[in-house]
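When reading the values below, keep in mind they use all heavy atoms of this one structure, side chains included, and skip hydrogens, waters and symmetry mates. In this text, all values refer to a predicted model and were calculated from it rather than measured experimentally.
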Amino acid sequence: MAEAVTLDPPLPGENVKPFTPEKAKEIVMSLQQPAVFCNMVFDWPALHWNAKYLSEVLDGKKIQFRMGMKKTDTAPQFETKCSYVEATLEEFLAWTCGQPTCVSRPFSCYDFSKYWTYADYKYIAMIFEDKTEIFKDIMWSDFGFPGRNGKESTLWIGSAGANTPCHLDSYGCNLVLQIQGRKRWHLFPPGNTTFLYPTRIPYEESSIFSKVNIVNPDLKHYPQFKKAQAHVVTLNPGQVLFVPRHWWHYVESIDPITVSINSWIELDTDHKARVEEAVTRTLVCAIKSAENPSRVDAWLNPTEVEATSHEINLQYLNGAMSAYLEYQKVTVSEDRDPSTHDTEKEASSYKRRKIEVNTKLEDYKSWTHEAGFTVVQAKKLEKIPFGVHLIPVLPQSQEGSSVGAGAVESDSGDLLSENEDGHFGKLRCSGKQSVMINDCETLADQTDADSNANSSQMAISTNDLLDCLVNPQVINLVTGLLLERERV
């Protein structure tokens with residue numbers, strides 16, 4: 001059984017956190033790139049939350065696990081393609097240790113060598129609803145968010161290979177604490193969105209998925225992915241990763257057992273993002289619900305309990321627009337700093353070698369220029385106190401491959417980059433999901449069967465149409481036009 005890595009206590013004179021809560025929040029609200037905070041959580045009781053400890057606290061309580069295949073398919077393994085089991089953490093631990101099926105009964109149909117499992121997206125406020133005192137084990141107040149603790153956090157427990165499909169979150173930014181095992185994060189800046197082929201099928205509010213399996217991409221169908229620039233880091237126990245707003249990320253467990261906790265931080269830009277999500281939901285539900293109900297197409301992600309009606313979606317849209325316009329009235333007289341997260345402008349797109357944590361300022365200037373940062377943003381970034389306590393997740397060199405790459409932290413605290421050679425959001429629903437059928441292939445077969453069809457004609461599926469209609473750029477434009485109508 002893989003236990004949590006034991007963290008050495010701070011050395012004499014090092015038991016003071018490197019950043020005050022005020023400074024940490026200033027950093028979080030100024031960062032335009034992912035970064036890892038070190039030595040900020042050494043006194044958090046949550047560092048003891050390894051899987052064995054949690055199994056004792058939950059005392060036989062069943063939770064839902066997602067089962068996925070350990071395979072190298074070029075297609076992403078979306079949650080709609082996974083199966084689900086209800087099990088205790090004791091049964092999970094027995095399965096990961098290869099104990100008899102009588103001990104790990106719910107997992108008896110799944111060969112540990114062929115499957116991974118993930119108890120993901122578990123709201124701590126729900127699974128520990130009868131043990132609320134445990135919320136205080138998590139102290140996001142150290143990052144400048146007073147009162148935020150486990151009640152506003154989410155728990156993730158997985159086996160080796162467990163992963164989250166590449167996606168971006170529509171709302172907020174993200175702080176992630178690693179507790180047990182290690183996870184590898186592949187991150188891509190907002191400017192890479194086109195290269196990642198965004199899709200809203202499967203549909204989940206606040207999550208935009210990529211059609212690309214970023215660790216084994218199908219470059220024939222998604223050739224633009226070659227232009228994507230990955231920022232890759234392996235997060236170790238005791239470290240906290242900051243994920244900026246709208247950064248794409250694919251996350252994979254690389255140790256036998258991993259435990260992590262995250263909290264999504266609300267931002268002013270979420271007001272407009274909620275309008276965009278309401279527009280998207282209205283279009284997706286209306287169009288997909290109009291399809292032949294006999295088609296086997298699990299277009300709703302397991303996070304979405306049901307397809308809401310058009311009337312309800314319009315009510316949600318109007319409510320989101322009203323909230324946004326009211327927010328605009330309150331803030332219209334404020335002089336807003338465009339270099340912070342409050343701005344509605346996004347940053348534009350951007351053999352084994354050692355990157356020193358005290359990289360020269362000129363290197364950061366060069367990187368920010370390549371990433372397309374504005375002068376104001378670059379100056380703000382220059383003031384970020386990068387060093388042993390705050391390590392930037394730098395982009396991989398253009399010489400190295402962005403596919404299958406990793407990064408680890410050395411014992412000395414340096415970041416090693418390695419190429420391939422070496423919201424608080426929704427409730428999860430239970431129940432098995434149908435396997436998604438590729439609409440494009442089905443319609444193509446129908447077209448081929450028609451001897452009179454033009455051989456060069458391409459069949460357009462509902463999902464193809466939706467990929468264009470609800471493309472983030474299109475939704476942003478539609479939202480702007482709707483809000484302009486309301487202002488008149």
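For the pair K122 (side chain) and Q64 (backbone), a donor-acceptor distance under 3.5 Å is present. Using a distance-only test at 3.5 Å, with no hydrogens or angles considered, no donor-acceptor pair links the side chain of N174 to the main chain of N262. Judged by distance alone, with hydrogens and angles left aside, the side-chain atoms of S159 form a donor-acceptor pair with the main-chain N or O of T117 at under 3.5 Å. Here the side chain of D169 pairs no donor or acceptor atom with the backbone of Y171 at under 3.5 angstrom. Using a distance-only test at 3.5 Å, with no hydrogens or angles considered, a donor-acceptor pair links the side chain of Q178 to the main chain of G181. When atom types are taken as modelled, the side chain of S170 and the backbone of A273 share no donor-acceptor pair closer than 3.5 angstrom. Distance alone, capped at 3.5 Å, places no donor-acceptor pair between the K226 side chain and the L219 backbone. H246 places no side-chain N or O within 3.5 Å of a backbone atom of P190 that could act as its donor or acceptor partner.
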Point to revise | Candidate pair Q473 and T193, rule side chain to side chain contact (heavy atoms under 4.5 Å, CB included), full reasoning | key: CA-CA 10 Å; Q473 293 175 303; T193 293; over 6 Å; no
Check your understanding: When you look at L267 and M29, which way does the side chain to side chain contact (heavy atoms under 4.5 Å, CB included) test go after all the steps?
Key -> CA-CA 9 Å; L267 300 171; M29 291 302 176; 3.9 Å; yes
Exercise for review: Please test I208 against W248 for side chain to side chain contact (heavy atoms under 4.5 Å, CB included), starting from the C-alpha separation and ending with a verdict.
Suggested key: CA-CA 9 Å; I208 303 175; W248 293 84; 3.8 Å; yes
Exercise for review: Output, in order, the C-alpha distance, side-chain angles, deciding distance and verdict of side chain to side chain contact (heavy atoms under 4.5 Å, CB included) for V284 and I201.
Suggested key: CA-CA 9 Å; V284 172; I201 304 297; 4.2 Å; yes
Point to revise | Derivation and outcome, ring-ring contact (aromatic ring centres under 6.0 Å, His included), residues F188 and F195 | key: CA-CA 10 Å; F188 300 86; F195 309 146; 9.8 Å; no
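Ring pair H186/Y250 is perpendicular by interplanar angle, where above 60° counts as perpendicular and below 30° as parallel. Ring pair Y123/Y121 is perpendicular by interplanar angle, where above 60° counts as perpendicular and below 30° as parallel. In this structure, H167 and F209 have tilted ring planes: the angle between them lies in the 30° to 60° band.
Inter-residue side-chain proximity for C38 and V388 is flagged as unmet; no heavy-atom pair is nearer than 4.5 Å. In this structure, the side chains of L317 and V279 come closer than 4.5 Å at one or more pairs of heavy atoms. By the 4.5 Å heavy-atom criterion applied to side chains, V275 and L482 are not counted as neighbours. L196 is not listed as a side-chain neighbour of Y222, based on a closest heavy-atom distance of 4.5 Å or more. With a 4.5 Å cut-off on side-chain heavy atoms, Q32 and P244 do not count as touching. Two residues are said to be in side-chain contact when any heavy atoms from C-beta on lie closer than 4.5 Å; D268 and T331 fail this criterion. Proximity of I27 to F386: side-chain heavy atoms (C-beta onward) are nowhere separated by under 4.5 Å. Here the side chains of Q224 and T194 are not in contact, with every heavy-atom distance at 4.5 Å or above.
Between the side chains of T479 and N476, not a single donor N or O lies within less than 3.5 Å of an accepting N or O. T258 and W156 are not linked by any side-chain donor-acceptor pair at a separation below 3.5 angstrom, with hydrogens and angles left out of the test. Of the N and O atoms on the side chains of D467 and T199, at least one donor lies less than 3.5 Å from an acceptor on the other residue. With 3.5 Å as the limit, one finds a donor-acceptor pair spanning the side chains of E205 and Y316. Between the side chains of N463 and K288, a donor-acceptor pair is found at a separation under 3.5 Å. Judged purely by distance below 3.5 Å, without hydrogens or angles, the side chains of N192 and Q229 never pair a donor atom with an acceptor atom.
In summary, the aromatic rings of F242 and F143 are positioned with their centroids too far apart to meet the 6.0 Å limit.
Within the model, atoms CD1 of I63 and CG of L54 stand 8.5 Å from one another, a figure rounded to the nearest 0.5 Å. Between the CG atom in L47 and the CD1 atom in I261 there is a gap of 8.5 Å [rounded to 0.5 Å]. To the nearest 0.5 angstrom, C468 atom SG is 8.0 Å from I460 atom CD1. Atoms CG and CD1, on L235 and I179 in that order, are 11.0 Å from each other to the nearest 0.5 Å. Between the CZ atom in R148 and the CH2 atom in W264 there is a gap of 11.0 Å [rounded to 0.5 Å]. Interatomic distance, CD of E204 versus CZ of F78, reported as 11.0 Å (0.5 Å rounding).
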For residues 134-142, please give each side-chain donor-acceptor pair under 3.5 Å, one per line with the distance, not counting sequence neighbours.
unit_1, atom_1, unit_2, atom_2, d
K136, NZ, E133, O, 2.9
D137, OD2, W49, NE1, 3.0
W140, NE1, S153, OG, 2.8
D142, OD2, K17, NZ, 2.3
D142, OD2, W44, NE1, 2.9

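Of all heavy-atom pairs spanning T164 and R66, the tightest one is CA-NH2, 4.4 Å. The nearest pair of heavy atoms linking E486 to L325 is CB-CD1, 3.5 Å. Nearest approach of L469 to V474, heavy atoms of both residues: O-CG1, 3.3 Å. Closest of all the heavy-atom pairs between R200 and S206 is NH2-N, 3.9 Å. The shortest heavy-atom contact between V393 and Q33 is O-NE2, 3.6 Å. Across all non-hydrogen atoms, the minimal contact from E152 to G147 is OE1-O, 3.8 Å.
Tested against S210, the residues C166, P217, P198, P165 include a single side chain to side chain contact (heavy atoms under 4.5 Å, CB included) partner, C166. Considering V232, T234, V176 as possible partners of W185, the one that fulfils the side chain to side chain contact (heavy atoms under 4.5 Å, CB included) test is V176. Between F65 and the options F92, Y118, Y84, a ring pair (Phe, Tyr, Trp, His ring centres under 6.0 Å) holds for only F92.
Salt bridge E26/K383: absent, no basic N to carboxylate O contact under 4.0 Å. Taking the charged nitrogens against the carboxylate oxygens, R274 and E277 have no contact shorter than 4.0 Å, which rules out a salt bridge.
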